[in-house]
Each structure stands twice: as structure tokens, then as C-alpha cells.
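These notes concern the structure reproduced below.
The figures here come from the full heavy-atom set of this structure, side chains too, leaving out hydrogens, waters and symmetry mates. Letters A, B, ... mirror the listed sequences (proteins, then strands); counts begin at 1.
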2 protein chains.
Amino acid sequence: MAKATPTPAQPAGLDFPLVRRTGYLLNKAGSILMEDAERVLMAQGMRLRYFYVLAALESDLSLSQQDLSRLLHLDPTTMVALIDEMEQGGHVERRRNPSDRRRYILRLTDSGREALERAGRAVDAVEQDFLSAVPAQDRERLRALLGDLLADRWPRVIACE
Amino acid sequence: MAKATPTPAQPAGLDFPLVRRTGYLLNKAGSILMEDAERVLMAQGMRLRYFYVLAALESDLSLSQQDLSRLLHLDPTTMVALIDEMEQGGHVERRRNPSDRRRYILRLTDSGREALERAGRAVDAVEQDFLSAVPAQDRERLRALLGDLLADRWPRVIACE
DNA sequence: TATTGTTATACTCTATAACTATA
DNA sequence: TATAGTTATAGAGTATAACAATA
């Protein structure tokens with residue numbers, strides 16, 4: 001509110017019709033942020049989707065692989081390979097679920113918890129850098145708006161236990 | 001402002017730490033919108049990146065293939081295949097640039113202009129549907145915020161000539 | 001019969017290197 | 001020498017189908 005920006009969302013030096021579409025901007029912002037995060041995490045031997053899995057497992061919900069794949073919108077078969085890599089990296093453990101022996105219960109290891117924290121700090125920095133063009137109040141406003149927009153779009157099933 | 005939303009960006013039924021990251025929300029919003037648009041455009045024999053190319057060519061800037069690839073952040077070699085398809089579909093024409101015979105000048109055909117309009121309406125509908133969860137004032141606010149965030153991130157070179 | 005995890009496989013997308021024609 | 005466009009090709013990512021173990 002304090003900022004006087006009567007000008008439209010048309011940035012310096014670039015004028016083509018897509019730039020005035022919220023959808024295109026949303027898409028672009030998301031992919032830029034993803035690429036930046038991926039680049040920073042790579043330096044830690046980490047990847048963005050590893051980070052997503054670690055973050056999802058932080059809440060002790062007894063998630064299975066397919067729970068995870070639904071939650072993160074990844075194919076179950078790619079989740080197999082993903083968890084393979086993360087288990088080999090020592091960040092995640094597979095235990096059989098005693099009450100349904102088809103499923104695993106995935107658990108963070110101590111090393112996984114450390115990696116999560118380290119990656120979290122890196123991703124924080126990337127996000128803050130990206131969002132620094134806008135005052136803090138607007139950053140919070142943006143987060144709230146996005147939360148509202150996505151409220152009905154989260155995956156239905158997050159089966160625990 | 002009229003809406004009383006003291007609640008954080010934590011949607012109904014889903015609580016895990018990623019959901020409170022603006023970066024994750026941005027990413028998710030962008031990819032959902034992209035998938036929705038792709039699905040709708042498919043029914044017209046259209047694709048989202050065709051639409052991007054058509055929209056970029058609407059402004060008569062004498063863009064070459066590499067201009068386009070820089071503008072849309074696509075590899076020059078994928079741009080070749082892309083323009084091949086669109087030329088075969090009759091939406092785009094390649095003409096040699098007389099002042100630099102290495103380059104093409106890409107032009108919309110009449111059919112391409114029609115396809116652009118039709119696709120534009122479809123994408124409008126998708127965006128409006130996605131954004132309908134939020135009042136019009138906030139939609140405009142969102143667009144302005146995203147525009148500010150991206151102002152410094154647009155590709156440097158948009159050679160016209 | 002349905003579901004979880006798994007493998008093998010095919011398909012799409014993207015990136016790399018080498019070539020041509022122009023500059 | 002450098003650049004625009006092109007081709008061939010390799011690599012990553014993703015999706016499909018079939019299977020074993022369990023429910």
C-alpha cells in the first residue's frame with residue numbers, strides 16, 4: 001500500500017502479450033525459483049525433490065511410498081527410484097508396516113534430518129533472494145493469496161497409518 | 001482487504017511444512033495452471049508452447065528462431081522442431097531475412113492468428129477458473145506482485161532489427 | 001479381487017556436438 | 001572467426017504394463 005506502483009506488470013525492456021498474463025507470470029516465477037533452488041542444492045549433493053521428500057517425512061505421519069507419490073504428485077514408479085537413491089544416500093529408511101505388510105513406513109534418519117535442515121536453509125536463502133524485490137508485507141500477502149488459490153487443489157488422499 | 005482472512009496459508013486437510021513456503025506454492029500454482037492449460041489446449045490440437053510462440057509472434061518484431069528461444073527459454077534445437085511442427089500445421093511461416101540471410105523472420109499466418117485467438121480464449125478461461133477463488137482486486141494485486149518479482153529476470157536479448 | 005512395491009520398457013523432452021551457410 | 005539454423009544422438013525424466021506379495 002505504501003508503494004506507489006500505478007504501472008502495470010510490464011517490466012523494463014520487455015513488452016509482449018504473455019507478460020500480462022498472471023498464468024505466464026506464475027509459471028515463470030515457479031520455474032525460475034525451481035531452477036535456482038536446484039542449482040543451490042546441487043552443491044550440497046541434494047536435489048529439490050529429495051528436499052520435498054525429506055520435508056514431507058519430517059511430520060511423523062507414517063507415509064508409504066504411494067502416499068508420498070500422491071502428496072508430491074510424482075509417479076509411483078519414479079518414487080521407487082527416488083527412495084532407492086535416498087536410502088542409498090542414508091537419508092531415509094524403509095521399514096515394513098506391521099499392520100499391512102505390503103506397505104513400507106518411510107522414516108528420516110538422523111543424517112536425513114541434518115540434510116533437511118541444511119537444504120532448508122539453502123532454499124530459504126533462494127526464496128528470500130527472489131522475493132527481496134518486494135517489501136515484506138507484500139511477500140506475506142503473496143503467500144496468503146497463493147495459499148487461498150491452492151486451498152482446493154491439494155491431493156485428496158494423505159493416508160496415514 | 002474486504003476479506004477477513006487472518007488464517008495462514010494452510011489449506012484444509014493438508015498440513016506439511018512445504019505448504020508454508022512461498023516457493024513451493026508458487027511452483028505448485030505454476031505447474032497446476034500449466035497442466036490445466038495444456039489439457040484444454042490439447043482438445044484444440046494446440047499446445048501451451050505453440051501458444052507461447054504464437055503470442056510472441058503477434059507483436060511484429062521480426063523475431064528469429066534464436067530470438068524466440070531466448071525469449072521463451074527454450075533450447076535452439078528444440079525451437080527448430082517446434083517451428084517445424086507449427087509450419088507444418090500452417091500457423092507460422094519462415095521467410096529469409098534479406099539483410100542477414102542466416103536468419104529467418106518468423107511470421108504468423110492468418111490461420112495462426114485465428115489459432116492464437118481461440119487458444120487465448122481457452123487459456124483465459126483456465127486462468128479465470130484458477131483465480132476465481134480470490135476476489136478481483138486480489139487477482140490484480142497478484143499480477144502486479146509477480147510482475148515486480150520478475151522485472152529483473154526477463155531475458156536480456158530480444159534482438160529485433 | 002484390489003493394492004503396494006517392483007521391474008522392464010517405451011516414449012517424450014532436453015542437451016551436446018558436429019555440420020552448412022552465411023556474415 | 002563467429003553466428004543462425006540444422007541434424008544426429010545421447011541422456012534424463014516420465015509413463016505403461018506386467019508381476020509378486022499381501023490384503
Side-chain angles (χ1 to χ4, degrees), chain A residues 27 31-32 34-35 37-39 41-42 45-53 56-57 61-88 92-107 155-161, chain B residues 27 31-32 34-35 38-39 41-42 47-50 52-53 56-57 61-88 92-107 155-161:
Chain A
N27 211 334
S31 61
I32 285 179
M34 199 186 63
E35 284 175 20
E38 195 84 59
R39 195 177 322 112
L41 290 177
M42 191 108 68
M46 178 62 61
R47 299 199 43 189
L48 191 55
R49 48 177 52 186
Y50 293 177
F51 173 65
Y52 287 168
V53 168
L57 292 181
L61 273 180
S62 300
L63 296 174
S64 72
Q65 289 185 189
Q66 304 224 7
D67 295 333
L68 263 186
S69 69
R70 276 187 287 269
L71 182 60
L72 299 177
H73 198 58
L74 295 172
D75 197 272
T77 64
T78 65
M79 188 55 71
V80 172
L82 229 186
I83 301 297
D84 279 351
E85 290 168 27
M86 298 184 68
E87 195 179 34
Q88 217 157 0
V92 168
E93 275 180 359
R94 288 192 240 232
R95 304 182 190 171
R96 280 291 168 195
N97 185 335
S99 67
D100 182 345
R101 292 187 42 71
R102 292 171 303 181
R103 300 176 168 226
Y104 289 124
I105 291 176
L106 302 172
R107 288 245 174 258
R156 307 277 165 255
V157 209
I158 315 154
C160 15
E161 203 264 330
Chain B
N27 211 332
S31 61
I32 284 179
M34 199 186 64
E35 284 175 21
E38 195 84 58
R39 195 176 323 113
L41 290 177
M42 192 107 72
R47 298 199 42 190
L48 191 53
R49 47 175 54 184
Y50 293 177
Y52 288 167
V53 169
L57 293 180
L61 273 181
S62 299
L63 295 175
S64 71
Q65 289 184 188
Q66 303 223 8
D67 296 333
L68 262 186
S69 69
R70 276 188 287 269
L71 182 61
L72 299 178
H73 198 58
L74 293 173
D75 197 89
T77 63
T78 65
M79 188 55 72
V80 172
L82 229 186
I83 301 297
D84 279 352
E85 290 168 27
M86 297 184 69
E87 195 179 33
Q88 219 158 357
V92 167
E93 274 180 0
R94 286 191 241 234
R95 305 181 189 173
R96 279 291 168 194
N97 185 336
S99 66
D100 182 346
R101 293 187 42 71
R102 291 172 304 181
R103 299 176 169 226
Y104 289 125
I105 292 176
L106 301 173
R107 288 244 175 259
R156 308 275 165 258
V157 210
I158 316 155
C160 14
E161 198 266 334

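Distance CG (L82(A)) to C1' (dA12(D)): 13 Å, rounded to an integer number of Å. One atom, CZ of R96(B), and another, C1' of dT3(D), lie 13 Å apart when rounded to the nearest Å. Summarising the geometry, the separation between CE on M79(B) and P on dA4(D) is reported as 13 Å, rounded to the nearest angstrom. Atom CG in L106(B) sits about 11 Å away from atom C1' in dG5(D), given to the nearest Å.
Scanning for side chain to side chain contact (heavy atoms under 4.5 Å, CB included) contacts around S31(B) gives an empty result, with sequence neighbours left out. The salt bridge (charged side-chain N to carboxylate O under 4.0 Å, His left out) search around D75(B) returns none, not counting sequence neighbours. Take M34(B) and apply the side chain to side chain contact (heavy atoms under 4.5 Å, CB included) test, not counting sequence neighbours, and it matches N27(A), L48(B). Applying the side chain to side chain contact (heavy atoms under 4.5 Å, CB included) test to R95(B) and every residue at least two apart in sequence or in another chain returns E93(B), R107(B). Under the rule for a side chain to side chain contact (heavy atoms under 4.5 Å, CB included), the partners of E35(A) that lie at least two apart in sequence or sit in another chain are R39(A), H73(B). Applying the ring pair (Phe, Tyr, Trp, His ring centres under 6.0 Å) rule to Y52(A) yields the partners Y24(B); only residues at least two apart in sequence or on another chain are considered. Residues forming a side chain to side chain donor-acceptor pair (under 3.5 Å) with R47(A) (at least two apart in sequence, or on another chain): E38(A).
Contact annotation for R94(A): backbone-only contact, meaning every heavy-atom pair under 4.0 Å involves sugar-phosphate atoms and none involves a base. Within 4.0 Å (heavy atoms only), Q66(A) reaches at least one base atom of the nucleic acid.
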Using a cut-off of 4.0 Å between protein heavy atoms and nucleotide atoms, how would you tag nucleotides 13-23 of chain D 5' to 3' with B, S and -?
-> SSBBB---BBS

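Using a 4.0 Å cutoff to heavy atoms of chain A, the contacted part of DNA chain C runs 5' to 3' from dA2(C) to dT7(C).
Counting heavy atoms from C-beta on, the side chains of L57(B) and L68(B) come closer than 4.5 Å.
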